[in-house]
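Only a predicted model underlies this, so the values are computations on that prediction, with no experimental measurement involved.
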Amino acid sequence: MTTTPLTGPHDLVEAAGHPHGGGNMLPHYDDRLANEDLAPLRKQKWSSYNIFAFWMSDVHSVGGYVTAGSLFALGLQSWQVLVALIAGIVIVQLFANMVAKPSQKTGVPYPVINRVVFGIRGANIPAIIRGLIAIAWYGVQTFLAAESLNIVFLKFIPGSAALLDVSFAGLSALGWISYAILWTAQFLLFWNGMEVIRRFIDWAGPAVYLVMIVLAIYLVSQAGIQNISFTLSTTQLDFWASIPVMFAAVALVVSYFSGPMLNFGDFARYGKSFAAVKKGNFWGLPINFLFFSLLTVITASATVPVFGSLITDPIATVERIDTPFAILLGGLTFVTATVGINIVANFISPAFDFSNVAPKKISWRAGGMIAAVGSTFLMPWNWYSNADAIHYSLGVLGALIGPLFGILIAGYYIAARQRVKVDAMFTMDAEGPYWYRNGFNPNAVKAVIAAGVPTVAIAIFPKLFADLGLFNVAAISDYSWFIGCGLGYVLFLLFERLDPRIPTFEGETEGISDGTVETVGAPEEREVPVLAQSAPDATAAAPVSGSVLAQTAPDATSSVPGARPASSTGTAREALA
């Protein structure tokens, strides 16, 4: 086993002029599995507002605007849309809480916590799948932000219109300039680390809200309050016909957030407590999304009397106002919004995912750069407008998000009973508890295949059949995430029951993160004792918030009176309490 020497508070990365990732890189951690970005955090200090701001950045995008507006154009009555919207976003909130807990309790990102379920090497399976999805959408979002910037250039530099007539690889010269500017801006933001990103999203979300409110007030004043409607559809379904449409709307909301929801642990790990994460999710999801959706439909509804047609694209709305100040403010705002969602949803995820594949060679920054460069080579402007290309390429990968989610939840809450030996996630020792079979948990691998194949088929073939004129059952594809999640959950537990693999460490306390136990009076910044960073054998000093050892520290005094012991049933429900 290879090890990384302990260099004290200033590691080699810091010495090279770059801030470290904040991980507590213990001397016995194998450098094939750990680096400063993947190791358990020394400090967890994000507040509920930081989590709330994360979701604001994730919601406030052109895609979020169009998705929210589309719910009000399905032929449903306004109250039905609101019911579907609230139901969908509450489901997202509950699942986000569930995927957040293991990472917040252990202080590790999404790909690392998967080592408990998939095995030390097997964790690369979900990491690579999620990373590839993020690469594709990173390019798309950067392209959309570049389109917003194009509008600003065309308005204030009229001569730039000539650049639209020159193209390379399917993108105009002006498009390349805007794309390069946005690509570089995101690169610089990402390169400065998670704390800079946190400060950016803390500012970006409220800023976008402010501009959207101003835009809505302006359009309503032009249209007249009496001309605002909460139903954008020209047709109305009767009650029974509206029921399946409502369910489809719920599925649409969940599917839209399924990507960032899967790797939400990458952000939840920074939460100062699980309670803070849950509070941030509450304000950032149901409350924030409901207000954002109402603001969206008011703005879109006002475009009908003001411009004579329904406009659901906010960029097009700002362009139609055709005043320099509005175009500058609106264009830069939606650029900011798109950069925000791109960083949180499509940059940070592959950064951790690809670093997890080879931590010794790929740092968090290098992983992010792989995503950024790879997304450009995919040339998203050539295939984004092709619905078939998106459906048959990203549809395959996207359909696997549900099974991966179901397997992680079943593995952590039921099979492992929320008990994780943190140091064991960073050893290549064949005798380690998470080595399983050659580093892979065969139950997880079988569950991915057994749940993934039918889920991919459900996502792909109904559209194919309809395109061939055979029969139309495309509606079932709307529920591929739910079907995949359920299959992954059930099949993994079945395989674990037939051939148990995941240990629960019953009776052990040393170095165990026990998610069923809450601490009282958590400090603003939870910090690992110095002893844990310097002791030759630091196994006993696991750098884990929520672990049994952490509860004995002076700043994390005791567990909640009457806390339920770990059990094989009801643990998932406890995560949401």
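- Side-chain N/O atoms of T376 and Y179 include a donor and acceptor closer than 3.5 Å.
- With sequence neighbours left out, F143 forms a ring pair (Phe, Tyr, Trp, His ring centres under 6.0 Å) with no residue at all.
- Judged by distance alone, with hydrogens and angles left aside, the side-chain atoms of Q186 form a donor-acceptor pair with the main-chain N or O of L182 at under 3.5 Å.
- The pair D353-R130 does not count as a salt bridge, with every side-chain nitrogen at least 4.0 angstrom from each carboxylate oxygen.
- For V448, the side chain to side chain contact (heavy atoms under 4.5 Å, CB included) partners at least two apart in sequence or on another chain are F118, L404, I407.
- In terms of modelled atom types and a separation under 3.5 Å, the side chain of N50 and the main chain of S47 share a donor-acceptor contact.
- Among the candidates F354, F347, F190, the single residue satisfying the ring pair (Phe, Tyr, Trp, His ring centres under 6.0 Å) test with W364 is F190.
- Inspection of the E496 and N443 side chains reveals an N or O donor paired with an N or O acceptor under 3.5 Å.
- By the neighbour-count criterion of 12 heavy atoms within 6.0 Å, atom CD1 of I287 is densely surrounded, having more than that number from other residues, nucleotides or ligands.
- Put simply, the side chain of V140 reaches to within 4.5 Å of the side chain of W137, judged on heavy atoms.
- In terms of modelled atom types and a separation under 3.5 Å, the side chain of W481 and the main chain of V254 share no donor-acceptor contact.
- Checked by atom type, the side-chain pair N150/S178 shows a donor-acceptor distance below 3.5 Å.
- A donor atom on one side chain and an acceptor atom on the other are found under 3.5 Å apart for K101 and Q418.
- Proximity of N441 to I502: side-chain heavy atoms (C-beta onward) are separated by under 4.5 Å at one or more points.
- Neither side chain, S363 nor N35, offers a donor N or O lying under 3.5 Å from an acceptor on the other.
- A donor-acceptor pair is defined here as one N or O able to donate and one able to accept, closer than 3.5 Å; such a pair exists between the side chain of S103 and the backbone of V108.
- Close placement of the Y270 and W46 rings is indicated, their centers lying within 6.0 Å of each other.
- If you run ring pair (Phe, Tyr, Trp, His ring centres under 6.0 Å) between F257 and each of F95, F289, F54, only F289 comes through.
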Side-chain donor-acceptor pairs under 3.5 Å in residues 244-251, sequence neighbours left out?
none

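- Taking the six-membered ring for Trp and thresholds of 30 and 60 degrees, W191 and F187 have ring planes inclined between 30 and 60 degrees apart.
- Checked by atom type and distance alone, the side chain of S355 pairs as donor or acceptor with a backbone atom of I362 at under 3.5 Å.
- Taken from CG in N24 to CZ in R42, the straight-line distance is 5.0 Å, to the nearest 0.5 Å.
- Annotation: Y49 is not in aromatic contact with W283 [ring centroid separation under 6.0 Å not met].
- The side chain to side chain donor-acceptor pair (under 3.5 Å) pairs that include a residue from residues 204-214 are Y209-N288, where partners are two or more places apart or lie in different chains.
- For the side chain to side chain contact (heavy atoms under 4.5 Å, CB included) test, residues two or more places apart in sequence or in another chain that qualify with N124 are I128, N356, V357.
- Using a distance-only test at 3.5 Å, with no hydrogens or angles considered, no donor-acceptor pair links the side chain of S349 to the main chain of N346.
- Closest approach of I120 and M425 over heavy atoms only: CD1-O, 3.7 Å.
- Nearest approach of I409 to Y489, heavy atoms of both residues: CG2-CE1, 4.2 Å.
- Residues that satisfy the side chain to side chain contact (heavy atoms under 4.5 Å, CB included) test with L252, not counting sequence neighbours, are T67, S70, L71.
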*Kindly indicate, with the supporting measurements, whether the criterion side-chain contact (heavy atoms from CB on, under 4.5 Å) is fulfilled by R269 and Q104.*
CA-CA 4 Å; R269 69 184 295 223; Q104 193 283 321; 6.0 Å; no
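- No side-chain donor-acceptor contact under 3.5 Å links Y138 to the backbone of G368.
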